[in-house]
2 protein chains.
Amino acid sequence: MTTRSSAEAARDIPEATVARLPVYLRALTTLAEAGTSTCSSEDLASAAGVNSAKLRKDLSYLGSYGTRGVGYDVDYLRYQIAREIGVTQDWPVVIVGIGNLGHALANFSGFRSRGFRVVALLDADATRTGEEVAGVRVRPFDDLEDIVGEHGVAIGVIATPAVAAQDVADRMVGCGISSILNFAPTVLSVPAGVDVRKVDLSIELQILAYHEQRKAQGETA
Amino acid sequence: MTTRSSAEAARDIPEATVARLPVYLRALTTLAEAGTSTCSSEDLASAAGVNSAKLRKDLSYLGSYGTRGVGYDVDYLRYQIAREIGVTQDWPVVIVGIGNLGHALANFSGFRSRGFRVVALLDADATRTGEEVAGVRVRPFDDLEDIVGEHGVAIGVIATPAVAAQDVADRMVGCGISSILNFAPTVLSVPAGVDVRKVDLSIELQILAYHEQRKAQGETA
DNA sequence: TCCATTTTGTTCTCTCGTTCACAAACTCCT
DNA sequence: AGGAGTTTGTGAACGAGAGAACAAAATGGA
């Protein structure tokens, strides 16, 4: 069950590598826009901010898309990574919670350009529904099930206050969403098989504060 | 140079542990607000969404703050973690780039409540300066050096478009900022000694898409 | 054609992080 | 006072990730 030998082998790519593939993809796009058609692992690695050995090892999990002595074809590699990640297809996304953050997310241009399409903005606050943000009308949260069913949404974004987040997640899971991006500062509990990724501003700041404090201590010690 | 035996020993806490301490801190705050005065590692671990053995090992890097057979005193542990992270002190922060995201960040309540204080909002766009966001006036980006010098700012937040981010980072580093939280979708290059943490919406979505695609493949295979 | 040069793909080693399992230490009940 | 029952703190085994180093494969010039 773990080994497949077909040409379309579903190799299991390490999680750390998966997290870097989008970075490589962006670096390749930048290179392509600058008119570069070929690059070495060294070039791409420095554009992505990683070690070149690590880059080559990461790419080797996808297959053997480079040419020894030459390097990588930018467009070809870009397509291969995009395909591996899944951004060659179209991913409908719902965003729940249209506060300041929800607005910022709805207006974020990186969505459309990378295979993600915001099919609905939802908010429990009835006074917000009807409002239009980034060309999409805000609808009541209770429309969630209809929208998910209609568009086949698999990815949900939670941008609500912390107290509402678990309820939203439960509803999302209940109607078939299996990947959640959570901006609310709460630990979500979801059944196995549902992926949750968390983006938490204050945690990031606190990590910086820790290191900052240590730097300061070193100076005065 | 690496070993210190004083009571105030600066143990080197693993990076993975540092990243979890803020999660524990938040879980403890929630417990305290619920009126809980004591908790076991099992309780806290489930509130934080981690394994209890990992939690105990993480806490053991800080010291021995629990009581065997009893558990941890919520308030005491909370203080110890806050002190270790450095959020018992006040951290002045500047935010550069007052677009949708900058607005959301400026309004984010988690700043103040956790020891971070937004001392300035800066934007290169002159038409935005003078505007007031979350009680702080938007000022021109060129005021950066003055503000950093005046308030002793060590942490900067970049919420500009990608093209501007590297320039902003250079200016920040130039005037003494040594920790940067970067929301722009770009790899920043900074000198050694400067910490950069990156928050990138579209990378997170792409990671989810990858796993989502694999789930779908498994079903149809 | 053959050799020097370049650059990839991969093996090996080392470090870091996670989890298990258990001794040490504390409480409570008899 | 002593033993049963909890719960922490940590040593040790295990697994994953990072980086060095090198063989394999391509190019280009003589």
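Keep in mind that what you see is a predicted model, and the values were worked out from it rather than measured. Letters A, B, ... mirror the listed sequences (proteins, then strands); counts begin at 1.
Computed from coordinates, the Leu59(A) CG to dT8(C) P distance equals 9 Å when rounded to whole Å. Between the C1' atom of dT8(D) and the CG atom of Asp43(B) lies a distance of 13 Å, rounded to the nearest Å. Taking atom OH on Tyr72(B) and atom C1' on dT6(D), their separation rounds to 13 Å, with Å as the unit. Rounded to whole angstrom, the span from the CG atom of Asp58(A) across to the P atom of dG19(D) amounts to 11 Å. Protein atom NZ of Lys54(A) is 11 Å distant from nucleotide atom P of dG17(D), rounded to whole Å. When rounded to the nearest whole Å, the span between CG of Leu44(B) and C1' of dT8(D) equals 13 Å. When the C1' atom of dG9(C) is taken as reference, atom CD of Glu42(A) falls 15 Å away, rounded to whole Å.
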- Task: Go through the steps for Ile81(B) and Val87(B) under the test side chain to side chain contact (heavy atoms under 4.5 Å, CB included), then give the verdict.
- Result: CA-CA 9 Å; Ile81(B) 294 179; Val87(B) 292; over 6 Å; no
- Dump the intermediate steps for side chain to side chain contact (heavy atoms under 4.5 Å, CB included) on Phe111(B) and Ile95(B), then the final yes or no. CA-CA 12 Å; Phe111(B) 267 120; Ile95(B) 299 177; 4.1 Å; yes
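If you check the side chains of Gln80(B) and Arg83(B), you find a donor sitting under 3.5 Å from an acceptor.
A distance of 8.0 Å separates CZ of Arg114(B) from OG of Ser109(B), quoted to the nearest 0.5 Å. The CD1 atom of Ile207(B) lies 7.0 Å from the CD atom of Glu15(A); values are rounded to the nearest 0.5 Å. Atom-to-atom distance recorded for Leu208(A):CG and Ile203(A):CD1 is 12.5 Å, nearest 0.5 angstrom. Taken from CG in Leu105(A) to CD1 in Ile158(A), the straight-line distance is 12.0 Å, to the nearest 0.5 Å.
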Quiz: residues 190-197 of chain A side-chain donor-acceptor pairs under 3.5 angstrom, not counting sequence neighbours:
residue, atom, partner, partner atom, Å
Asp195(A), OD2, Lys215(B), NZ, 3.4
Arg197(A), NE, Glu204(B), OE1, 2.4
Arg197(A), NH2, Glu204(B), OE1, 3.2

Polar pairs (N or O, both sides) under 3.5 Å between protein and nucleotides 11-13 of chain C?
residue, atom, partner, partner atom, Å
dC12(C), N4, Lys57(A), NZ, 3.4

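Residues from residues 18-37 of chain B with heavy atoms under 4.0 angstrom of DNA chain D: there are none.
Sorted by first and then second residue, the salt bridge (Lys or Arg N to Asp or Glu O under 4.0 Å) pairs with a member in residues 86-108 of chain A read Asp90(A)-Arg117(A); sequence neighbours excluded.
Between Asn51(A) and dG17(D) there is no side-chain polar atom (N or O) within less than 4.0 angstrom of OP1 or OP2. The shortest distance between the side-chain N/O atoms of Ser40(B) and the OP1/OP2 oxygens of dT7(D) is not below 4.0 Å. Taking only side-chain nitrogens and oxygens, Ser64(B) comes nearer than 4.0 Å to OP1 or OP2 of dG9(D). In this model, the phosphate group of dG17(D) is not approached by any side-chain N or O of Tyr61(A) to a distance below 4.0 Å at OP1 or OP2. Using a 4.0 Å cut-off, no side-chain N or O of Tyr65(B) falls inside it from OP1 or OP2 of dT7(D).
Listed for the Asp43(B) side chain is a donor-acceptor partner under 3.5 Å among the backbone atoms of Ser40(B).
Among the atoms of the strands shown, only primed sugar atoms or phosphate atoms (P, OP1, OP2) are found under 4.0 Å from some heavy atom of Glu15(A).
Applying the side chain to side chain contact (heavy atoms under 4.5 Å, CB included) criterion to Ala124(A), with sequence neighbours excluded, gives Phe141(A).
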- Base versus backbone protein contacts along nucleotides 22-30 of chain D [heavy-atom cut-off under 4.0 Å; B, S, -]: -BBBSS---
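Looking at every heavy atom in both residues, Gln166(B) comes nearest to Leu188(B) through OE1-CA, 3.5 Å.
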